[in-house]
There are 2 protein chains.
Amino acid sequence: MVDTAPPADAVGTRYGARPTMKDVAAHAGVGLKTVSRVVNGEAGVAQDTERRVREAIAALGFRRNDSARVLRKGRTSSIGLILEDLADPFYAPLSRAVEDVARAHGALLVNGSSTEDPEREQELALALCARRVDGLVIVPASRDHRYLEPEISAGVATVFVDRPPGRIAADLVLSENREGARAGVAHLVAHGHRRIGFVGDRPHIHTAEERLAGYRAAMSDAGLPVDEAWVAPGATDPERVRRDAGRMLGGAEPVTAIFAGNNRVTVTLVRLLAAAERRTALVGFDDFELADLLSPPVTVVAQDPSAMGRRAAELLFARLAGAGGPPHRLSQPTRLVPRGSGELPPDS
Amino acid sequence: MVDTAPPADAVGTRYGARPTMKDVAAHAGVGLKTVSRVVNGEAGVAQDTERRVREAIAALGFRRNDSARVLRKGRTSSIGLILEDLADPFYAPLSRAVEDVARAHGALLVNGSSTEDPEREQELALALCARRVDGLVIVPASRDHRYLEPEISAGVATVFVDRPPGRIAADLVLSENREGARAGVAHLVAHGHRRIGFVGDRPHIHTAEERLAGYRAAMSDAGLPVDEAWVAPGATDPERVRRDAGRMLGGAEPVTAIFAGNNRVTVTLVRLLAAAERRTALVGFDDFELADLLSPPVTVVAQDPSAMGRRAAELLFARLAGAGGPPHRLSQPTRLVPRGSGELPPDS
DNA sequence: CGTGGACTAGACAACGTTGTCAACTCTGGG
DNA sequence: CCCAGAGTTGACAACGTTGTCTAGTCCACG
């Protein structure tokens with residue numbers, strides 16, 4: 001089935017080598033530039049000539065080499081996306097939204113997972129720049145993005161999502177982390193809770209910091225004291241979460257409710273609380289699939305990762321289209337979704 | 001913060017234009033090729049010269065243009081991945097696994113979602129080939145891949161995952177769909193069910209077809225008749241699934257168990273069955289997060305999408321490294337995970 | 001019959017890099 | 001003092017495409 005591909009009469013092409021416009025031109029008996037015109041749909045080629053060229057293209061199985069085109073034109077029609085983990089249910093829709101916008105602009109998406117490693121982020125970003133992507137959408141893992149300055153001033157449109165860039169000014173799309181967390185904790189307060197725990201992500205991550213600030217703000221708004229034993233920022237691995245949450249659920253004055261700083265923490269807490277005898281209220285930051293089917297269904301502060309990806313990509317293409325002005329800072333609202341776990345009364 | 005980037009003494013560079021090796025060479029007072037040698041870590045450059053070149057590179061903010069390099073070298077060190085939907089929880093880990101293998105081989109990943117549209121798949125695949133990716137990993141949406149023949153014979157390593165290619169021979173990594181479904185249905189039979197329904201994906205999709213065949217095989221193995229009213233292939237939208245499942249759950253002789261053909265169907269059925277008064281057993285194809293926390297916890301036939309992605313990518317890089325021979329056809333086993341919903345007894 | 005313009009076509013340089021090759025400078029041994 | 005050989009270095013072509021520019025052909029019009 002392979003033998004149908006490059007016909008034996010191919011001129012100047014060896015097996016395994018691709019035909020070029022030059023080969024097509026020779027095969028069709030026309031000039032190189034004429035082939036280029038046909039391939040790019042430029043005007044000024046006689047119908048009969050065009051037909052001959054198209055036949056030659058089909059016969060040789062020619063496909064334009066876009067690397068050469070890129071070299072000549074300067075634009076690659078591709079954008080890069082760097083995020084923590086492609087497989088994370090929060091980032092997958094974001095990634096998909098970026099892809100959709102890219103597609104609408106005729107661009108391809110190149111992406112990489114930074115795995116929350118600043119060095120890896122930089123390595124990826126610079127590799128993408130070396131390939132001359134037209135723009136970058138970045139969910140930062142690093143806190144210093146000065147390494148991007150030469151790239152940005154060379155014209156690589158760059159938009160940060162979910163977390164702000166470090167030590168440079170650039171376009172940015174954020175969730176309302178602080179306000180969202182504040183609303184979520186206020187919701188627990190409104191249902192009668194006074195001892196509320198916070199289990200979040202590592203505090204050096206911007207979103208984690210903001211959500212913690214929102215928690216403190218809500219407690220303060222309600223005139224409630226915060227026992228530092230109730231506050232547990234840290235890694236999101238289940239073991240750490242179980243340990244810290246277990247601590248605040250035990251003791252003489254256990255918390256009656258927990259606010260979870262992100263979806264992975266929430267899921268771990270759902271497992272932990274399901275196994276406990278006492279009912280503890282729970283509100284989680286980030287929505288997740290099936291949250292409504294758990295018992296009790298999980299109340300969350302929902303973000304809209306798809307909208308964030310879309311807005312970031314649209315901002316990027318607006319810049320590529322020449323939009324000027326100072327860096328934008330877009331804010332994406334969150335939405336409290338009451339489902340049951342956040343409406344449980346304090347048990348005491 | 002931008003003014004620090006391209007220093008004022010840059011020679012031959014305008015703002016917004018990137019410095020090239022030629023610029024670096026001029027700035028360092030050396031030849032073009034010497035810069036190339038330094039950038040690529042080739043031997044044969046005196047220490048002092050190398051230092052001068054490195055200084056010039058830093059001063060100008062030079063970064064090698066990989067499109068030009070690609071044009072010269074022929075290899076892009078990038079591979080393409082085409083799948084139905086990046087954001088689908090089944091494909092996200094697959095995608096991530098492909099990325100990890102690519103990274104281990106120093107390659108970048110370019111990806112696109114076909115949205116189950118054959119034309120879009122072809123458009124994407126050919127666009128990736130035009131950019132001269134070294135290889136392609138494809139979850140097919142189309143049933144005819146002859147359009148790839150010229151590309152494959154031109155040297156683009158191509159591996160299909162999850163579904164076989166149409167009308168060409170190529171490397172392939174599949175799940176054991178038929179055997180998995182058969183085992184899942186046999187599990188229901190073993191728990192006493194005799195009237196078992198099948199709700200699957202559109203029958204023209206290979207995996208859906210195989211799983212349906214597995215269902216029929218298991219019923220036949222057990223000497224059980226299949227009432228065609230119990231068999232509902234079709235789109236995975238919740239409405240269709242509810243309608244078809246509702247039909248087989250009603251009537252005089254309702255099914256006492258359902259086998260769900262994929263994760264989206266399973267989730268819809270979980271919702272439907274949770275709302276019903278009668279307990280119906282359920283086994284789903286594909287595992288999903290939190291399946292163990294539902295009530296009852298959902299028994300599934302689990303695939304390993306990450307392993308599939310990894311094996312496909314490894315196969316691809318083996319081909320790129322020169323491995324010859326006829327197309328491989330790898331089979332990835334499935335695993336029955338009993339959790340509760342599949343062990344419910346028939347209600348009648 | 002000459003001329004101007006529209007249409008068609010191709011020669012050529014350029015994009016920024018790498019491979020090839022020749023030339024130059026040393027060094028040490030004969 | 002000469003020469004072989006190692007160590008450096010850069011000129012140049014090539015990769016496959018597109019932009020510019022020139023030139024030829026044909027027709028309508030004066």
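All chains are named by letter (A, B, ...) in the order of the sequence lines, taking the proteins before the strands, and each is independently numbered beginning at 1.
- More than 12 non-hydrogen atoms from other residues, nucleotides or ligands lie less than 6.0 angstrom from CZ of Arg51(B).
- Using a 4.0 Å heavy-atom distance criterion, Val30(A) is classed as a sugar-phosphate-only contact.
- Counting heavy atoms from C-beta on, the side chains of Arg18(B) and Glu151(A) come closer than 4.5 Å.
- The phosphate of dC15(C) (OP1 or OP2) has no side-chain N or O of Asn65(B) nearer than 4.0 angstrom.
- At a cut-off of 3.5 angstrom, the base of dG16(D) holds no donor-acceptor pair with the side chain of Lys22(A).
- Summarising the geometry, the separation between CD on Glu42(A) and C1' on dT18(D) is reported as 8 Å, rounded to the nearest angstrom.
- Atom CG of Asp23(A) is separated from atom P of dG16(D) by 8 Å (rounded to the nearest Å).
- Atom CZ of Arg75(A) is separated from atom C1' of dG19(D) by 18 Å (rounded to the nearest Å).
- The side chain of Thr20(A) has dT17(D) as its nearest neighbour among dT17(C), dG10(D), dT17(D).
- Among the heavy atoms of the strands, none lies under 4.0 Å from Ser67(A).
- Across all strands, Val39(B) comes closer than 4.0 Å to no nucleic acid atom at all (heavy-atom distances).
- The shortest distance between side-chain heavy atoms of Leu128(A) and Val156(A) does not fall below 4.5 Å.
- Side-chain atoms of Arg69(B) stay outside donor-acceptor range of the base of dT17(C), with no qualifying N/O pair under 3.5 Å.
- Ion pair Arg103(B)/Glu99(B) not flagged as a salt bridge, since none of the NZ, NE, NH1 or NH2 atoms sits closer than 4.0 Å to an Asp/Glu carboxylate oxygen.
- Ring centroid separation for the pair His145(A) and Phe160(A) comes in under the 6.0 Å cut-off.
- Among the heavy atoms of the strands lying under 4.0 Å from Arg37(A) is at least one base atom, whether or not backbone atoms are also near.
- Salt bridge Asp100(A)/Arg310(A): absent, no basic N to carboxylate O contact under 4.0 Å.
- Separating the CG atom of Leu32(B) from the P atom of dG19(C) is a distance of 13 Å, rounded to the nearest angstrom.
- Remark: Ser36(B) is in phosphate contact with dT18(C), judged by side-chain N or O atoms under 4.0 Å from OP1 or OP2.
- Counting any heavy atom pair closer than 4.0 Å across all strands shown, Lys73(B) reaches sugar-phosphate atoms only and no base atom.
- Among the atoms of the strands shown, none is found under 4.0 Å from any heavy atom of Asp66(A).
- Of the candidates dT17(D), dG10(D), dC15(D), dT17(D) carries the atom nearest the Arg64(A) side chain, counting heavy atoms from C-beta on.
- If you take CZ of Arg51(A) and C1' of dT8(C), they are 16 Å apart, rounded to a whole angstrom.
- At least one side-chain nitrogen or oxygen of Thr49(A) sits closer than 4.0 Å to the OP1 or OP2 atom of dA9(C).
- Distances shown here put a side-chain N or O of Thr34(A) below 4.0 Å from the OP1 or OP2 atom of dG10(C).
- In this structure, Arg131(A) atom CZ and dT17(C) atom P are separated by 14 Å, rounded to whole Å.
- Proximity of Arg18(B) to the phosphate of dG16(C): no side-chain N or O atom is located under 4.0 Å from OP1 or OP2.
- Note: CG (Leu71(B)) to P (dG19(C)) measures 13 Å, nearest angstrom.
- Considering only side-chain N and O atoms, Arg72(A) lies nowhere under 4.0 angstrom from the phosphate OP1 or OP2 of dA13(C).
- Taking atom CG of residue Asn40(B) and atom P of nucleotide dT17(C), one finds them 10 Å apart after rounding to whole Å.
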